[in-house]
Each structure stands twice: as C-alpha cells, then as structure tokens.
Amino acid sequence: MSIYDSLNKEQQKAVKHDKGPLLILAGAGSGKTRVLTHRIAYLIDELNVNPWNILALTFTNKAANEMRERVDKIVGYGSENIWVSTFHSTCVRILRRYIECLGYDRSFTIYDADDQKTLIREICKFLEIDTKNIKERTLLSVISSAKDELISPEEYELNAQGDFVKRKYASVYKEYQKRLKSNNALDFDDLIYKTVELFQNNPEVLDYYQKRFKYIMVDEYQDTNTAQFRLISILASTRNEEGEIEHNLCVVGDDDQSIYKFRGANIYNILNFEQQFPDTKVIKLEQNYRSTQNILNAANEVISNNVGRKDKSLWTENEEGEPIHFTQYDNEYEEAENVVRDIDRMINDDGADYNDFAILYRTNAQSRIFEEKLILKNIPYKIVGGVNFYQRKEVKDLLAYLKTIDNGLDDIAVKRIINIPKRGIGLTTIDRVTAYALNNDISFYDALRHAEYIPNLGRSAGKISSFVSLIEVLKSHLSSPDYSLEDLMNEIIEATGYVTELEAEETEEAQGRIDNINELINKVVTYEKNATEEPTLSEFLEEVALVADIDSLEESNNVVILMTLHSAKGLEFPYVYLCGMEDGIFPSYMCITSDDPTEVEEERRLCYVGITRAMKKLSLSAARQRMVRGETQFNKPSRFLREIPRYLLKQSASSLAPRFPKNSSMERNSFSGSSYSNKTMNSTLFDKTPYQVPKSSLHSNPYATMPKKQFAVTNAEPLAYGIGDRVSHFKFGTGTVSDITQGGKDYEVTVDFDNAGVKKMLATFAKLKKETN
DNA sequence: TCTGGAAATTTTTTT
DNA sequence: AATTTCCAGA
C-alpha cells in the first residue's frame, strides 16, 4: 500500500502536482496540513527532489513545529534538510547572514510592540509632536502599514506632499527608521521588509536563495501581506534548465478564513493568485473531516452572506450531530457560570476530558470572568493570549540586561534598566546623556561610558560609571569559555538584587514575578541544552522575540482552553463555546459603526472560523447586559445568529430569567428587539422546533471516532516486533523499541536508537526490521 | 529624585 | 474596571 491511498481524490491531485504554481483552496477541516506534508513526501520520494530545495512557510511556530513533526514521520530520508519555518524566523535567518549588505550589524536586535512604543514616544518628544493630537498608536499603525506595503520613508514623504498630517507621519517614519538603524534594531515588519530589500539590491544573494528554494510551500496564504507576497514571488521566480521562469510555488489557504486585515493581510493575494501566476492549477478541498453536518451547514450559511469570495461549500460524511445551542443570559456572570457548569457536567456525567473544551470569545478582556468561574469549580484551564510571558515587566527587565550586554547599540534596552534597580539616575540625567549622545552621534551606552565628559551631571556621573562597570564586568565574564548563559542570568539577578527585592515584598504578586523569573531561567537552560550549535546570547534573544503565545499550547495538557477567535484558527475541539454573541461585541462596535461594509465581512469570517472549530457540538451564548470598560451595555444578540437557519438551532432558556426577544416568529429568526416580551418558558425563538437530538456517541471519546472516519483505511498489519525488541532502520541504524501506540490507521512506534536518539515514527513508513540475533 | 493619589484613557483581534 | 499618565509634595 502507498501512503497516498488514504487521501481523497482532490487531496491526491494536490499532492501529486509536479511543477508550476498551485493554489489549494482548503476549507476548514479539509486536511490541508496532511496535503502539505504528503506533498513534501511525494516531491522527495517520487520526484527525487532534494529535501534541501524545499521551503515551507507558516505563520506561527506552532504550525511550523507541527508540520516539521509530521513531515519527519512520513519522509523517509533527509527530512531534517527541509526548511520548515515561519516567515519571520526565515527572514531572521537570512538577515543574520547577509544584513551587513544593508549597513546593519549581524547582531541586530528585534523590537517588540513595547520597544516600538517607547521609541515612538522619544521621537514625538524630539520632533515636538503633541501626542494629544497625534496618538502614538496611530503613528505605529501608519508606519506598520507602510512597511507591509513596502513603502519606504522617502516614498511615503513624496506621497504626503499636500497633506499636513501626512507630512508629520512621514517625518516620524523617517526618524523612526533612522533610529532603528542606529540602535541596530529591526521591528517585526522590518524583518520581512529588509529581506525583500536585501533580495532586490543584491542579485547574488537572491540568486543563492532562488537556487536553493526550488519548491516553496506557503500555509495560511490568505494571511499574507504585500511584503510577504513580494518575498515569496521573488524567491519563487527561478529559471529552469531551459532558462524559462518557473514558479514552483504551492500555496494553501482559505479566503473565508482571512481574519488579519488589521495586520496588513491582503486578501487579494489569494483572490488574484491565478492572475498573478498564469497557468496556476487550482484545487479545492471541500470535504470536511472535522465537524458534524449541522455545524458545517451553519458555517456555510453564515459565510454565504459575504460577497466577493471564492465559491465553495463544505460537506462531510460525518453524522448530522447535535443541533447548535444558543442561550441568551441576563448578564456576563450568568453566561460564564452556565458555560462552566455545562462543561463540569459533561466531564462528570459524559466522561469528557478537559481538553475536549474550548471557550472562545472576541476580546481578551472577556476571559477574566470565565477564569473566575473555572477556579471556583476547580477546573484546570489555560488562557492563550493576553499578556504574553515575555511582555511581563520582570521578564522584560532581565531581557533588557541581556540585550544591553549583547548589543550596546540598543538604546531602548539600556534606558529601560539604567535605573532598575533604583540607582538614583533620574530623568534629568537621562535627558542630558541622550542630548550628549545625539550631539556626538554615538549610542546612549557609549555616552554613558564617557559620563565624566558630559557637563552638568554632578553626582550622577559616579552612579553612571558604576552601572557601566557592572555591564562591562558581565560582558567580560560572558566571553570566558566556561561561563554559560545560565551563569550570566544568575549573576545579573545576584548583582541587581532583583529577586531579593521581590522577596522582601512578601506579596503574592511579587511571588508570581519570582516564578516568572525562574521560568525565564528555565527557558535559558532549555535553550542551551537544545542548541544545535554553540549557544549564543543573540540567538537566545531572537528565539524569545519570535515566540507567539499560541506556540506554547500543548495538546497533551488536559485543560480547558480559553482564547480569542483569532488565536483559535487552525485548531479544533470536540466542544466549542462561542461566547459574547452580541452586536457591539461580536461583531465589534468598531466595525458596526464603520461605513466600510467589508469590516463586517471580516468579522463574519471570524465567526466562520469560530463555528468550524467545533467537531461535535457548538454552543453559542449572549448576555443581555454586560459591563464593558466600567460601563453597562445592553446589546442585541449578534446579527450572525440570525444568519444561522433556525432549523439548525436549539434555543435554551437561560436559567434564571426565561425572557425572549419580541418578534420571534415568521421571518427568519429575527432578534431585533431590545425590549422583551413575556413569552412562556416553552416558546423558542423560532416558530417550529423540528429538531430531534440524535442518539450520537456523546459518551465516547470523540478523538477515537473521528480519525477512524478520516482515514477509511484498514488497520496496518500486525507488527513483526514489540516493545523491548531490537530493530533496525535504514537510516538511524539499530535501536530498542520503547513504545507502540495505535494512532489512527497506523501504529506509532517509539524507538530509542543507539546513535540517533529517540524517534517517533509511523510503522508503515519506518519500515523497521526486527534484529534476529 | 521618588512617591502616592488623582485624573485620564482605554476602541478588538497579533506574527 | 483596569491600567497608564500626571502632578504636587517630600
């Protein structure tokens, strides 16, 4: 049997595509990652493509790691040479090698949103811009969009001629870019922008990567922005032996799941792909292996209200399943309490696991109430998103020390820690040093080193010089051979008394901060242990800069997951609670009041994403009354609820106050009223309730039934070896089988190889032979 | 230079 | 409601 037999017809077509541009329109749950990984395997095993010539791009580390893991399992040989990584890491890797061509130093640092804001604030002060009139975040978003569109500061300035405000923006953008460069720093957008610039200005560098990446694959293509599009298209324009331009570019995406417009994503990248790349082959994957028919029908109906989308419709062989539940509660507390109670009941009565559940919402702020109720019920949970670990004050402080040691040009980092802990170096002193640095065209840190020559510093000069010598001592220790990054971290904590100070506080909050610091030390240790080459401070800081919150989500953790709809993309859960379904919350107030109708369409796509996360049961809820930023709001049920056909919905009465919106019959369930009538308990929102709850397999583990359906293939033959047996692999040599588990259609075998370490692989592809002696 | 309390501000989503 | 910024006083 072949590994491709388990794929459906369309999936096979995509996998077996040879050369030229390929657009795979993959609906939610249609097995796109399977297609991507199998296509990589096919290229290598059947078309003899060198693994070294393959580049696979994703948006999150999580997606990249998953793809890497799955590719490792099915590709026979050389899978470690395939370049699987995120856009941002890929660009960093390229820039670390060649950024000197652009006049930056190779040890550049990466600025996060916080650093950007600090920098913008400094610039506003410098250019005497009143931040009451022009907000920092406006400036940041203007600059970010410009970079996403590959518009340089000079070009922006040219286009801003007649417009006073735009000219201001232009001056800030110009200064911002100038300072980033003198700080030897790049922001997130720069990573892409500068790589494109590098390729455009240095044909020999471009040529190298074009020859290397002969086959390029892009996941979540609908989320790419203009800069990323340019990056991909330049890279993918290679010449074949006959000297013709060839685009061996395979993109996978779903225009209906494009939800990152605010981040610069350009939906026309996917909508116009066929025009951009003539001779594109288009393959649609419409069979869904994830959800019940009811869930898919609801999703299809909702998304059909959008115009200007590629026509497609998901279908499934799965059962009809439960109806979609909707409950309107009196307020957000009741909503949270009942959702949590429902989860608790299903865990106790139906044998569901914690990680079968996801609570999804539009904004991070909605998570808190759920968190409180989960704690009350003693249910383990994890909140994805919100304040990232690396954004915590204590973590940022310590990282700023590391950055200062690593790249003395990073003024933002130096200024952050110069008075942490308190050294009696205040704003006045910092301003004087900054002015000196500016006048002499040196970095802030270099100015500190010359503190004795700076006028009017007074007693501060001595304080500064002791700070400088602290940093210099740490630097010199780091350059000695036996000194690890862990040692450096500990010495920083020791020298600054950071933890001691927190311990003295004796509060729970301080203890939490100490825990975070210990966690950071763990990350350093893990990094050093796993580093493939000599661990460096730069590389550690880079790894830290590019993590997303979703990356740390381990499927093995048996906890209830709480996150925003945005974070949920790409994931699936048996039971999904989609909360806060109210006009003004979801869709958001901003987009309802906007005169741009495409904004509601983007929210609708977000709704589509949310609905299609659910495998077995989807529960929707809304609150009549909700406190938002200290103000009580009375919201109507979301307009998206009206777009779900009533026969798919089952409305339950909220536990305390069984009240229903007024005109609840005749037209397609209209939730128009903000006043309520006193209908009886038994009435529903709709004029008929034809729904019968099917006797579905609620009690069984959903993961056990789904994958079997997905791969309708007979089980693999019994294995010729068992746990403890000695086996041999054509590449990894001999080893001992340490574990065998039944996964889907195949056995997953864990082998502890004598020379290659522990590997997990699928029995069918591993072709292990039992050692007879 | 540092502190605490009052006042202002939050506008979705995030690699 | 919660967080950040502002400002007077020590």
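Just so it is clear: chains get the letters A, B, ... in the order the sequence lines come, proteins before strands, and each one is counted from 1.
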Quiz item: Between A:Phe634 and A:Arg624, is any pair of side-chain heavy atoms under 4.5 Å apart?
Solution: no
Self-check item: A:Phe59-B:dT15 aromatic stacking (under 5.5 Å, under 30°)
Solution: no
Quiz item: Between B:dT15, B:dT11, B:dT3, which nucleotide has the shortest distance from any of its atoms to the side chain of A:Arg263?
Solution: B:dT15
Quiz item: Are A:Lys32 and A:Glu220 within salt-bridge range, i.e. N to O under 4.0 Å?
Solution: yes
Practice problem: Identify which nucleotide among B:dT15, B:dT14, B:dT11 has an atom closest to any side-chain atom of A:Phe188, counting heavy atoms from C-beta outward. | Solution: B:dT15
Exercise. Without swapping roles, check the side chain of A:Arg68 against the backbone of A:Ile82 for a donor-acceptor pair under 3.5 Å.
Key: yes
Quiz item: Side-chain N or O of A:Ser567 less than 4.0 angstrom from OP1 or OP2 on B:dT13?
Solution: no
Quiz item: Any ion pair linking A:Asp115 and A:Lys396 (charged N to carboxylate O, less than 4.0 Å)?
Solution: yes
Quiz item: Just how far, in rounded Å, is C1' of B:dT14 from CD1 of A:Ile383?
Solution: 17 Å
Practice problem: Determine: side-chain N/O of A:Arg423 to OP1/OP2 of B:dT1, distance under 4.0 Å, yes or no. | Solution: no
Quiz item: Any ion pair linking A:Glu197 and A:Lys194 (charged N to carboxylate O, less than 4.0 Å)?
Solution: yes
Quiz item: Which part of the nucleic acid, if any, lies within reach of A:Lys569 when heavy atoms closer than 4.0 Å are counted: base, sugar-phosphate only, or nothing?
Solution: nothing
Practice problem: Mind calculating the distance between CG (A:Asp114) and C1' (C:dT4) to the nearest angstrom? | Solution: 12 Å
Quiz item: Of A:Thr86 and A:Ile425, whose nearest nucleotide on DNA chain B comes first from the 5' end?
Solution: A:Ile425
Quiz item: If you measure from the ring centre of A:Phe262 to the centre of the six-membered ring in the base of B:dT14, is it under 5.5 Å, with the planes under 30° apart?
Solution: no
Quiz item: For the rings on A:Phe273 and A:Tyr221, is their centre-to-centre separation under 6.0 Å?
Solution: yes
Quiz item: Distance check: side-chain N/O of A:Lys135 vs OP1/OP2 of B:dT9, anything under 4.0 Å?
Solution: no
Quiz item: To the nearest angstrom, how far is A:Asn266 atom CG from B:dT15 atom C1'?
Solution: 17 Å
Quiz item: When the distance from CD of A:Glu332 to C1' of C:dA1 is rounded to whole Å, what number comes out?
Solution: 11 Å
Quiz item: With a non-hydrogen cut-off below 4.0 angstrom, is A:Arg137 in contact with a base, only sugar-phosphate, or nothing?
Solution: base
Exercise. Establish whether the base of B:dT15 is bridged to the side chain of A:His88 by a donor-acceptor pair shorter than 3.5 Å.
Key: yes
Quiz item: Just to confirm, is there a sub-4.0 Å distance from OP1 or OP2 of B:dT15 to any side-chain nitrogen or oxygen of A:Asn225?
Solution: no
Exercise. May I have the distance from A:Glu220 (atom CD) to B:dT14 (atom P), rounded to whole angstrom?
Key: 15 Å
Quiz item: Considering only B:dC2, C:dA2, B:dT1, which nucleotide approaches the side chain of A:Thr429 most closely?
Solution: B:dT1
Quiz item: Does A:Arg121 put a side-chain nitrogen or oxygen below 4.0 Å from OP1 or OP2 of C:dT5?
Solution: yes
Quiz item: Quick one: on DNA chain B, does A:Ile259 or A:Asn419 contact a more 5' nucleotide (nearest heavy atom)?
Solution: A:Asn419
Self-check item: Length of the CD1-C1' vector between A:Ile420 and B:dT1, whole Å
Solution: 15 Å
Exercise. Report which part of the nucleic acid A:Thr363 touches: base, sugar-phosphate, or nothing (heavy-atom distance under 4.0 Å, all strands).
Key: sugar-phosphate
Exercise. Could you please name the option among B:dT13, C:dT5, B:dT11 that lies closest to any side-chain atom of A:Tyr589?
Key: B:dT11
Exercise. Could you tell me the separation between the CG atom of A:Leu57 and the P atom of B:dT15, rounded to a whole number of Å?
Key: 17 Å
Quiz item: What's the spacing between A:Asn225 CG and A:Asp189 CG if we round to 0.5 Å?
Solution: 7.5 Å
Quiz item: Is A:Asn61 touching bases, backbone alone, or none of the nucleic acid, heavy atoms closer than 4.0 Å?
Solution: nothing
Self-check item: Separation of the C1' atoms in C:dC6 and B:dT11, to the nearest angstrom
Solution: 22 Å
Quiz item: Touch check for A:Leu191, heavy atoms < 4.0 angstrom, all strands: base, sugar-phosphate only, or nothing?
Solution: nothing
Quiz item: How would you label the contact of A:Thr428 with the nucleic acid (heavy atoms, under 4.0 Å): base, sugar-phosphate, or nothing?
Solution: sugar-phosphate
Quiz item: A:Asp223 near the nucleic acid: base, sugar-phosphate alone, or nothing, with a heavy-atom cut-off under 4.0 Å?
Solution: nothing
Exercise. Name the nucleic acid region contacted by A:Glu602, choosing base, sugar-phosphate or nothing; use a 4.0 angstrom heavy-atom cut-off, strictly under.
Key: nothing
Quiz item: Which whole-number value in Å describes the distance from A:Gln222 CD to B:dT14 C1'?
Solution: 15 Å
